[in-house]
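Contents: one structure, followed by commentary.
Everything quoted here is computed from the prediction, not taken from an experiment.
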Amino acid sequence: MERALKEGFALSSDSDKSQRSLSAVTQWVVTDHRISPVAAEWVPGATRTELRHLANLGALLATVLRGVVDGGTEAFSDETIQSWLSASANVPDDVVSAARRVLEESGEDGLAALYARLVSSKSRRTLGTFFTPRPEVDWMVQEWDRVHHAPAAVIDVGAGVGAFTTAAAATWPDAAIWAIDINPVTLGLLAARVAREFAIKTSDDPSPGVRVVRDDFTLWMSSIWPKLRGPRLILGNPPYTRLQLLPESERERLNAAGGGLCGRRASLSTLIAAQSLLSLGPRDGLSLLLPAQWLEAEYAAELRAKLWSLNDRKVTMRLFEDGLFDDATVDAVALTVGPEQQEPQSIEFSISTRPTAPAVSITDRRGNPPPEFRSGFARRTKYAVAAGVELRELLDVRRGTATGANRYFALTADVAAQHGLPTDATIPLIRRVLGVPDEATTRWLRSVPPEDKHVLFHVDNAKAIQSEAVTAYVKSGVDQQINERYLCRVRRTWFDLRSETLIPDLIIGQSTRHAFRLVTNTAGVTILNNLYGMTWRPGVDDDTRGRLVAWLRSDNGQDALRSASRVHGSKLLKIEPGALKQLQVPRGLLSG
C-alpha cells in the first residue's frame, strides 16, 4: 500500500484539495473490499494485487457514474468495460465526492496519476501504457491545427485515459474522434471523463463526437479505417511495448502490418507508425509521439527511407530529450507527416529544449536518405571535425552479449566456485566500466577479489556432458525454466553462447553523466549488452590505434562523443551504436 500511495504521475494541479482527493480515492481502492480481481487477460503484466485494486476502482467508478452519466455504466457499449464496472460496493460518500473531484477538476492528469499509483511502471510495460504530459499533447494538437487543415476524423491510437482524445475533441468539434485502446480500465476511465463534456457516439454514428473503442489498433485499422470520411488524422502516443514483450503469435502479423518498413527487432510503436504511414490517403496525416530509438536503429532503416521519399508531404520531427515521462527512461520524438501537396515539401528537425532555435530544414530530398536521423538534431559542439573519417572505418562496433538471463549466465567467481564450475567453463566478464582501469590487464584481473570478479558461463553441449558440475548447472537452469526464455529458446543449444560472445579490443560504456569511459582490453574479458565493444579493423597500425584512443579520451574526443549522444532521462547521456559508428574522427590521426 505504501508504494501505491507514493508512486504516481504528477498532477497538472498542485492544489492541496486535488492531492487530498486523489489520496482519498487511492486509499479506498487499495483496501481489500472482497471484490473479485479484474481478469488478468484484460491488463496483461499486472500483478494479482494490482488486478484486485483495478477491480475496486471499477466498483468505485460505477458508483460515481450513476450520478454523472445518463444511464450510468450502460452508456458504454463495450461489454468488457461494462463487466469491469459491474462490481458493486458500499462506497462512503466522501470517497465518491473525492472521485468526482478527480474526474471534474484533475482531468486526464488526475486519471493518469490514479492509474499509475495502482499499476507500477514495470507492470505497465507489457501494454506499453505511459501517459503523455498535457503540454506535449497540446503542442502536438495545436501544431497540427496551425500548419494543416482540420481533420474530419481523428484516431487516437493507444488512447489511454484520453489526453489526446479530449484535446482533439475540444480543438475540432466537428470531427469524429475515435479513441482506440485494448485496455478496458484506461478506456473506461477515458469514457467516464469525456462523457462529462463531449458526446459519446456509437461506432456506426457518422456525426461529430467521441467513440470509445476497445480493440487492437493494428486490427481495427484494416477493417474500419478505410470506411472513415477524410481528411483523417492518426494522432497520439502508441503503446511503448518492446519486442520481447509481444506474444510470438502476434509478431508475424504485426510485421506484416508494418509492410516491410520495419525489421524483426522493431517495437510495437514503430510497427504502428509504419502501418499508419502506409495507410495514409492523399489528404490524411499522422502525428505520433514515439520512442526516439527508431531515428537510428537498423530495424527502422526502411521506415526512415520511406519518410525521406515522401517529397510531397511535409515531415517534421521534434525531439523531447529531457525525461518526458516520469516513469519511463526514454527520450521521445513527435513525428508529423502532413497531407500531400502540389509543391515539394521539407523534412524538419527541432528540439523541444530550444524553443527559439530555428528548425533544421532539408528541402532537397532527392537521392539516398542519411543512414540515420539522429544527426538532424545535432547539438552545437566546442569541437568540430573539419575533415574526418567515420569511426566504423577503423573499428567494428557492436553491443556485448545478450544472454537472455544475466542472473544465470553472469556469475561472480565465488558463486561459480560454489557450483564447482571448472575454470574452462567460464570466461572473464566486465559488467560495467566503473572501477575498471583504463587498461584491463591480466594482472589487474588477478587482483580482483572473487566476490567482485565476474565470469560468463561459457560452454557447449560436449562440455556439459563431460563435467558433472556443468551438467548439474545446466539442469538447474532447466529447473528454473531459463531455457524457456526467448533468447535461450531460439538458440540451437539454449546455454551455448560461444557464437555470440564478443572479446573486444576496446570497451566503452553506453551511458554517462560526464565522460565516456574507454577501456583497452588486454586481459581478454567479455562484456554484456549494456556495454559496447570495439574491435580494430585489419590494416589499422599501432600508431593510429594509440592516437585514436588518446583522442577519444581527450576533451575534444569526449566533446564529439557527447555531441553524438542523446539525453536519456535525468540528464543521462546515452550514445547508440549507430551514432558511435558514425562518429567523425580527425583524419590527421591516421598514419600516412
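- Of the possible polar contacts, one joining the W144 side chain to the H149 backbone as a donor-acceptor pair under 3.5 Å is found.
- W220 and W178 have tilted rings, their planes meeting at an angle from 30° to 60° on a 0 to 90° scale.
- Between C262 and W294 there is no side-chain heavy-atom pair separated by less than 4.5 Å.
- A donor-acceptor pair under 3.5 Å is absent between the side-chain atoms of D215 and the main chain of F217, judged by distance alone.
- The closest side-chain heavy-atom distance from L573 to R562 is below 4.5 Å.
- For A192 against L61, the heavy-atom pair with the smallest separation is CB-CD1, 3.9 Å.
- In this structure, OG on S565 lies 6.0 Å from CD1 on I575, to the nearest 0.5 angstrom.
- S267 and T270 share a donor-acceptor pair across their side chains, judged by distance under 3.5 Å alone.
- Counting only distance, with no hydrogens or angles, the side chain of R318 and the backbone of F349 share no donor-acceptor pair below 3.5 Å.
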Assess the residue pair L235 and D156 against the criterion (side-chain contact (heavy atoms from CB on, under 4.5 Å)); give the C-alpha distance rounded to whole Å, side-chain angles, the decisive distance to 0.1 Å, and a yes or no.
CA-CA 5 Å; L235 174 72; D156 182 355; 5.6 Å; no
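- Of the listed residues (T165, I177, V161), just one forms a side chain to side chain contact (heavy atoms under 4.5 Å, CB included) with V194, and that residue is T165.
- With hydrogens and angles disregarded, a donor-acceptor distance shorter than 3.5 Å links the side chain of D284 to the backbone of G281.
- Distance CG/L228 to CD1/I155: 5.0 Å, rounded to 0.5 Å.
- In this structure a side-chain-to-backbone donor-acceptor pair under 3.5 Å is missing from R100 to V95.
- Within 6.0 Å of atom CD in E41, more than 12 heavy atoms from other residues, nucleotides or ligands are found, so the atom counts as buried in its surroundings.
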Inset, instruction - Report the C-alpha separation of M221 and I180 in whole Å, then their side-chain angles, then the decisive distance to 0.1 Å, and conclude whether the side-chain contact (heavy atoms from CB on, under 4.5 Å) test is met. - result: CA-CA 10 Å; M221 281 291 287; I180 314 294; over 6 Å; no
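- In this structure, M317 and I347 have side chains that are in contact, with non-hydrogen atoms separated by less than 4.5 Å.
- The environment of CG in D93 is sparse: at most 12 heavy-atom neighbours from other residues, nucleotides or ligands sit within 6.0 Å.
- The closest side-chain heavy-atom distance from L289 to F320 is below 4.5 Å.
- The existence of a salt bridge linking E348 and K314 is confirmed by a sub-4.0 Å separation between a basic side-chain nitrogen and an acidic carboxylate oxygen.
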Checklist entry - Can L310 and K306 be said to form a side-chain contact (heavy atoms from CB on, under 4.5 Å), step by step? => result CA-CA 7 Å; L310 299 176; K306 180 67 175 179; 4.2 Å; yes
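- Both the sub-6.0 Å distance and the 45° axial angle are not jointly satisfied by R134 relative to the ring of W139.
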Salt bridge (charged side-chain N to carboxylate O under 4.0 Å, His left out) evaluation trace for E50 with R48:
CA-CA 5 Å; E50 290 167 342; R48 184 168 180 80; over 6 Å; no
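- Every residue meeting the side-chain contact (heavy atoms from CB on, under 4.5 Å) condition with R229, not counting sequence neighbours, appears here in chain and number order: A152.
- Other residues, nucleotides and ligands contribute over 12 non-hydrogen atoms within 6.0 Å of the CZ atom of R399.
- For the pair R232 and W225, the cation-pi test (distance below 6.0 Å, angle within 45°) is passed.
- Ring-plane geometry between W28 and H33 is classed as parallel, the angle between the planes falling under 30 degrees on a 0 to 90 degree scale with a further cut at 60.
- Separating the CG atom in L233 from the CZ atom in F164 is a distance of 10.5 Å, to the nearest 0.5 Å.
- Considering OG of S276 and CG of L271, their distance stands at 10.5 Å, rounded to 0.5 Å.
- Counting only heavy atoms from C-beta outward, the side chains of Q275 and P238 never approach each other to under 4.5 Å.
- Here the closest non-hydrogen pair linking S207 and A176 is O-CB, 4.2 Å.
- I234 has its side chain within reach of L280: a pair of non-hydrogen atoms, C-beta onward, lies under 4.5 Å apart.
- For the atom pair K201 NZ and R211 CZ, the distance stands at 6.0 Å (nearest 0.5 Å).
- The two residues A274 and L261 make their nearest non-hydrogen contact at CB-CB, 3.9 Å.
- Smallest separation of non-hydrogen atoms from D138 and A167: OD1-CB, 4.2 Å.
- What you find for P231 and A150 is that their closest heavy atoms are CG-O, 3.8 Å.
- Between N183 atom CG and R214 atom CZ the span is 8.0 Å, to the nearest 0.5 Å.
- The closest side-chain donor-acceptor pair between R253 and T218 falls under 3.5 angstrom.
- Checked by atom type and distance alone, the side chain of T171 never pairs as donor or acceptor with a backbone atom of A168 at under 3.5 Å.
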How far apart are the C-alpha atoms of V119 and L54, what are their side-chain angles, what is the distance that settles it, and do they pass the side-chain contact (heavy atoms from CB on, under 4.5 Å) test? CA-CA 8 Å; V119 183; L54 294 178; 3.9 Å; yes
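- Side chains of S83 and W42 form a contact here, defined as non-hydrogen atoms less than 4.5 Å apart.
- Although no hydrogens or angles enter the test, the distance criterion places a donor-acceptor pair under 3.5 Å between the side chain of R313 and the main chain of G338.
- Between T403 and R485, the side chains place no donor N or O within less than 3.5 Å of an acceptor N or O (distance only, hydrogens not considered).
- Of all the heavy atoms in M140 and G236, the pair that sits closest is CE-O, 4.3 Å.
- Side-chain atoms of N56 come within 3.5 Å of backbone atoms of T31 as a donor-acceptor pair (strictly under, hydrogens ignored).
- Within the 4.5 Å cutoff, side-chain heavy atoms of L190 are placed close to those of V212.
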